[in-house]
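Naming: A, B, ... by sequence-line order, numbering from 1 per chain. Since we're looking at a predicted model, the values are computed, not measured.
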Amino acid sequence: DPKIIQKPKYLVAVTGSEKILICEQYLGHNAMYWYRQSAKKPLEFMFSYSYQKLMDNQTASSRFQPQSSKKNHLDLQITALKPDDSATYFCASSQQGNTEVFFGKGTRLTVV
Amino acid sequence: GDSVTQKQGQVTLSEDDFLFINCTYSTTTYPTLFWYVQYPGQGPQLLLKVTTANNKGISRGFEATYDKGTTSFHLQKASVQESDSAVYFCALVEGNTGKLTFGDGTVLTVKP
């Protein structure tokens with residue numbers, strides 16, 4: 001059974017629209033992350049959260065906003081979508097203080 | 001900042017061949033080093049982790065040695081199988097965080 005659930009698996013959005021990518025983890029971890037994978041940059045760190053608090057943000061644009069409603073949830077809201085946002089977005093988690101990071105299967109976003 | 005370099009974009013081998021994937025890194029400290037493997041439609045999966053304390057990692061027949069002198073962390077396997085076909089990423093992390101810096105990845109194709 002997958003321990004990190006990402007929904008949806010595939011997502012097509014229109015330029016200018018807003019989407020939310022869902023992530024839940026059942027590994028009991030207290031740190032969660034978002035990474036992005038595209039043709040331009042194979043795997044790129046975006047955000048890290050620990051105990052539901054933002055720890056690090058490497059995303060230049062404020063159009064990307066993580067949302068943590070529960071300690072095992074970290075959703076990603078993307079507003080004013082652009083074709084350049086097309087990528088696979090991976091949610092990941094770890095135990096705070098442990099460097100072993102586990103990844104979900106990703107949400108592939110296509111912006112047309 | 002931190003960087004990881006994988007010069008081999010693609011490697012094609014036959015079953016039972018020896019595998020060598022090159023990885024070099026650049027940081028200001030002694031990081032923890034990883035190899036991740038990604039199969040189609042999946043997220044990256046941790047294959048190996050090596051710290052300055054243990055220097056060498058072995059998993060599923062793969063091995064990698066942490067060489068501080070040459071700042072390298074090459075991946076090797078004595079005899080590859082078709083099921084090893086995947087994308088392999090070298091990565092590093094500084095400190096005890098989940099903020100990974102990845103190389104560009106190496107696509108391994110193993111022919112039967």
Name the region of B:Leu46, side chain, backbone, both or neither, that has any atom closer than 4.5 Å to a heavy atom of chain A. side chain
Should A:Phe103 and B:Val93 be regarded as members of a common hydrophobic cluster, given that ILVMFWY residues are connected when their side-chain heavy atoms come within less than 4.5 Å of each other, either directly or indirectly? yes
Which heavy-atom pair separates B:Gly103 from A:Pro42 by the least distance, and what is that distance? O-CB, 4.4 Å
Report whether B:Val4 and B:Leu33 are members of the same hydrophobic cluster (ILVMFWY, side-chain heavy atoms less than 4.5 Å apart, transitive linking). yes
State yes or no: do A:Phe90 and B:Val37 share one hydrophobic cluster built from I, L, V, M, F, W and Y residues joined by side-chain heavy-atom distances below 4.5 Å, directly or via other members? no
Less than 3.5 Å apart and able to act as donor and acceptor by atom type: which atom pairs between chain A and chain B qualify?
from, atom 1, to, atom 2, distance (Å)
A:Tyr33, OH, B:Gly98, N, 3.3
A:Tyr35, OH, B:Gly98, O, 2.5
A:Tyr35, OH, B:Leu100, N, 2.8
A:Gln37, OE1, B:Gln38, NE2, 3.1
A:Gln37, NE2, B:Gln38, OE1, 2.9
A:Asp56, OD2, B:Lys99, NZ, 3.0
A:Thr99, OG1, B:Lys49, NZ, 3.2
A:Val101, O, B:Tyr36, OH, 2.9

When you group the ILVMFWY residues by side-chain heavy-atom contacts below 4.5 Å and let the links chain together, are A:Leu54 and A:Met46 in the same group? yes
Same cluster (ILVMFWY, side-chain, under 4.5 Å), B:Val87 and B:Leu19: no
So disulfide (SG to SG under 2.5 Å) across residues 27-112 of chain A, not counting sequence neighbours, yields A:Cys23-A:Cys91
